[in-house]
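Letters A, B, ... mirror the listed sequences (proteins, then strands); counts begin at 1.
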Amino acid sequence: MNALLDDLNPAQREAVTAPPGHYLILAGAGSGKTRVLTHRIAWLCEEQGLWPHNMLAVTFTNKAAGEMRERLGHLLHQPTRGQWVGTFHSIAHRLLRMHHQEAGLQEHFQILDSDDQIRVLKRVIQELELDDKRFPPKQAAWMINGWKDEALRPEQLPAPKQLHDHHWHAVYRAYEAACQRAGVVDFAELLLRAFEMLNQHDALRMHYQQRFQHVLIDEFQDTNTLQYAWVRQLVGSDGLAFVVGDDDQSIYSWRGAQVENMQRFLSDFPGARLIKLEQNYRSTGTILKAANALIERNQGRLGKQLWTAADSGEAIDLFGAHDESEEARHAIGQIMRFVEEGAKLRDCAILYRSNAQSRAFEEALIQKSLPYRVYGGLRFFERAEIKDALAYLRLLANPDDDPALERALNMPPRGIGDKTAEQLRNQARQAGVSQWRFLELQPDAFSNRARSVLSQFVSLIQKLRAETHALNLAGQMEVVLEHSGLRTHYEREQKETRLGADSRIENLDELLSVAARFQADAPERDVGSSELVTFLSYAALEAGEGQSQVWEDAVQLMTLHASKGLEFPLVCLSGLEEGLFPLQRAIDEGGQALEEERRLAYVGITRARRRLLISFAETRRRHGEFHYARPSRFVGEIPKSLLKELRPRGGHAQAPRFGVEHMETPSIRLGARVRHARFGEGIVLAAFGNGEHARVQVNFADVGTKELVLAFANLQLV
DNA sequence: TGTACCCAGGTTTTT
DNA sequence: CCTGGGTACA
């Protein structure tokens, strides 16, 4: 028998060796889904005599794509060059580069990241003379991306019912025009363009349908409407789809993911079969029991039960802290104990619902002098100084790139103010050309001073172009940094503000070495693209690591969302409080929203390999105000027998007291039961302000939540 | 052009 | 409470 199958369990083997057909692999957390995906490809090659290039493998993140490529390299005993393994976006991008003409794009089109997109939208909204308070650029980005994810162009939108909608549609149209003029595409556009291109060009579509006999998709529960349509399109009538996902780990509905796509797959793809992977190789039996018990509360699941051949392991620790700092101290105490038992700091993760919660943990970690790493935040290629440098390179690659030009125009400052920039923008738009083109065509369309600074800018770019013409990527980068004045500018800034180690200059130097490395590694070059264009695409599509010192042994802090796909020997799942996790919004909405919160809890629990600590705080400062909360319903949904309560609850001994000074009223605690003359009895949920302005939020049994001014409410403690 | 203050707003995030 | 963005001045 094929050695590929040696280390697979029966269900995995069934999936890997399944006869030709469409398959939905329902793969639970830690059930080896990536292994199944890669082995399937290898098996098709070895047993069915197919070539790797007859397959298309799609993931959501670069990291997942990288992992898959690496594992495939091992299995196939050959480098994975030329193989189509990548993210939805990178594959769409590749198609567009190869067929830019059919897609209606200029050859050296650039990619707009979300930050750039918002800048462009801000301009567009200004140009339409709309109030950016009523039409916030961020919301515009959100809406436009949403429309694109639904494959809706402005013409296809339902007719606006109100003036407001009418304006939004106008923003969408103007934004599209601006992007087209500048030759830039945003992330959602990559997918939509590629989809439309294949739709409109039968020959192209048939070519790729024929070429990709097998289409394999990872994390299928995260696909949106457009991605689903895209998969159907590429599979066509003769191709075969092999999709892997877990409906219980669908936590991205808020950005357009449709879990329904899993059910839909079974009916849309003829003869599609479902294979479940339920054996878990990650966690202890106890942890899995907890996860199963929790997720069973959700309706309409495809349904699966994780099991393990491993021991049941230790009980799950449950800790009810008085406040968030005690919660943090306790978690860190557990981590230190775990490390004393021989674990590494990097084996320990602290997970939370929202980023703001990291603070208390960071403070506690600093106090104990433990190194830690917070996930999220600015990535390398998103840093301002990096984007400044890249803006020049983008201009060299494509002078029509307006967003890049606007960025480079006055960075470093060279006296081209907002007024001049606005004039240039407006005139170029009226002339229907890019800003660079306008500068070339009509350099005299400005006042004397503006004309002189603008012409200096034009000569600078022309000089850079001439100087970089014959250079390789790293050389071009070097020239840009030196001659644009960026390096000098940031050096001066560094001197003046005496910035510390993580300075902008160091980042610029890092950019140089990234470019040198990129060149040396010579990743597969897109057909007809220069090294520079390839690098710029890479920078946009792969924003890089969030922080340096990834190699350092440190406690890992991240949101639950960021933890998906990872695993840790010890997991501290924090903030299990009604109103925080699940969030109040989800509680108010109920239904799907609440179920998604539960899936998030499920994701958190299933990250843990050996030990799990679940904690909550009775009081917590949020936005500077004290809040009181009951333990999360999710705690109650885990069978008591699996939990070890580290401190039996009862009494809020240290909850802060609130009162009005110099008054007879006894001070009031969060969580205290109080009586009001008119509203009856209730529980104090939150307290704001102090002195005579002190207010409390009370949840009354009869009339619901009210906010009262303490000095007048005359509350009695019950 | 840069800096000081004021105010709103504060889930989750990849590409 | 803290951050980011916007406005008002030097």
Side-chain angles (χ1 to χ4, degrees), chain A residues 58-65 86-93 111-118 122 132-133 136-138 141-142 145 148-149 185-192 194 219 222-224 226-227 250-257 324 351-360 363 375-379 381-382 410-420 489 492-493 496-497 537-544 546 558-565 575 579-589 593 596-597 599-601 603-604 620-627 688-689:
Chain A
V58 191
T59 64
F60 271 84
T61 65
N62 290 304
K63 201 175 153 203
T87 64
F88 277 101
H89 295 268
S90 71
I91 285 166
H93 171 250
I111 301 167
L112 221 51
D113 71 16
S114 7
D115 195 55
D116 296 331
Q117 185 186 29
I118 289 170
K122 197 173 166 178
D132 63 2
K133 292 280 184 309
K138 245 181 128 167
W142 177 268
N145 292 339
K148 289 188 180 180
D149 287 347
V185 293
D186 60 42
F187 290 128
E189 183 75 24
L190 285 172
L191 296 177
L192 183 49
E219 305 278 16
D222 288 338
T223 50
N224 62 32
L226 178 57
Q227 286 157 341
S250 160
I251 55 176
Y252 286 113
S253 72
W254 50 275
R255 66 178 197 212
E324 71 269 28
L351 309 183
Y352 34 78
R353 177 64 243 257
S354 68
N355 285 306
Q357 285 167 256
S358 75
R359 199 188 174 82
E363 281 169 3
Y375 280 66
L378 265 197
R379 322 268 287 287
F381 286 111
E382 290 167 356
N410 202 29
M411 193 66 213
R414 50 174 72 89
I416 305 177
D418 289 346
K419 270 270 134 46
T420 310
H489 170 75
R492 186 159 4 103
E493 186 194 75
E496 279 164 11
T497 54
S537 306
Y538 164 80
L541 288 173
E542 167 118 58
M558 69 193 82
T559 63
L560 285 150
H561 282 92
S563 76
K564 201 178 84 166
L580 180 64
F581 188 25
L583 285 172
Q584 192 57 47
R585 268 173 177 239
I587 296 174
D588 296 342
E589 251 181 80
E596 183 147 321
E597 295 284 307
R599 291 194 289 268
L600 206 46
V603 167
R620 182 183 292 279
R621 287 192 81 151
R622 277 212 267 168
H623 321 314
E625 291 166 345
F626 286 97
H627 281 263
F688 325 106

Counting neighbours of CG on Asp588(A) that are heavy atoms of other residues, nucleotides or ligands and sit closer than 6.0 Å, is the number greater than 12? yes
Here the distance between atom C1' of dG9(B) and atom NZ of Lys138(A), to the nearest Å, is 10 Å
Do side-chain atoms of Glu363(A) reach the backbone of Ala360(A) as a donor and acceptor pair under 3.5 angstrom? no
Between CG of Leu580(A) and NE2 of His627(A), what distance do you get to the nearest 0.5 Å? 10.5 Å
Which whole-number value in Å describes the distance from Lys133(A) NZ to dG9(B) C1'? 13 Å
Give Asn410(A) one of three labels, base, sugar-phosphate or nothing, depending on what nucleic acid heavy atoms sit under 4.0 Å from its own. sugar-phosphate
Say we look at dG4(C) and dT13(B): how far apart would their P atoms be, to the nearest angstrom? 15 Å
Just checking, any donor-acceptor pair under 3.5 angstrom between side chains of Asn145(A) and Gln117(A)? yes
Under 3.5 Å between N/O atoms: give me all the protein pairs with nucleotides 11-14 of chain B, atom names plus distance.
| residue | atom | partner | partner atom | Å |
| --- | --- | --- | --- | --- |
| dT12(B) | OP1 | Asn355(A) | N | 2.7 |
| dT12(B) | OP1 | Asn355(A) | ND2 | 2.8 |
| dT12(B) | O4' | Arg353(A) | NH2 | 3.2 |
| dT12(B) | O2 | Trp254(A) | NE1 | 3.2 |
| dT12(B) | O2 | Arg353(A) | NH2 | 2.8 |
| dT12(B) | O2 | His561(A) | NE2 | 3.4 |
| dT13(B) | OP1 | Thr559(A) | OG1 | 2.6 |
| dT13(B) | OP2 | Asn355(A) | ND2 | 3.4 |
| dT13(B) | O4' | Arg255(A) | NH1 | 3.3 |

Any side-chain heavy-atom pair from Lys148(A) and Asp186(A) closer than 4.5 angstrom? yes
Centre-to-centre under 6.0 Å for His89(A) and Phe60(A), is that the case here? no
Could you give the distance separating dG5(C) and dT12(B) at their C1' atoms, to the nearest angstrom? 22 Å
Out of curiosity, Tyr252(A) OH to Thr223(A) OG1, how far, rounded to the nearest 0.5 Å? 14.0 Å
Bounds of contact between DNA chain C and chain A, in 5' to 3' order, using a heavy-atom cut-off under 4.0 Å: dC1(C) to dG6(C)
Atom CG of Leu226(A) and atom P of dT15(B) are separated, to the nearest Å, by 17 Å
Electrostatic pair Asp222(A)-Lys564(A), nearest N-O below 4.0 angstrom: yes
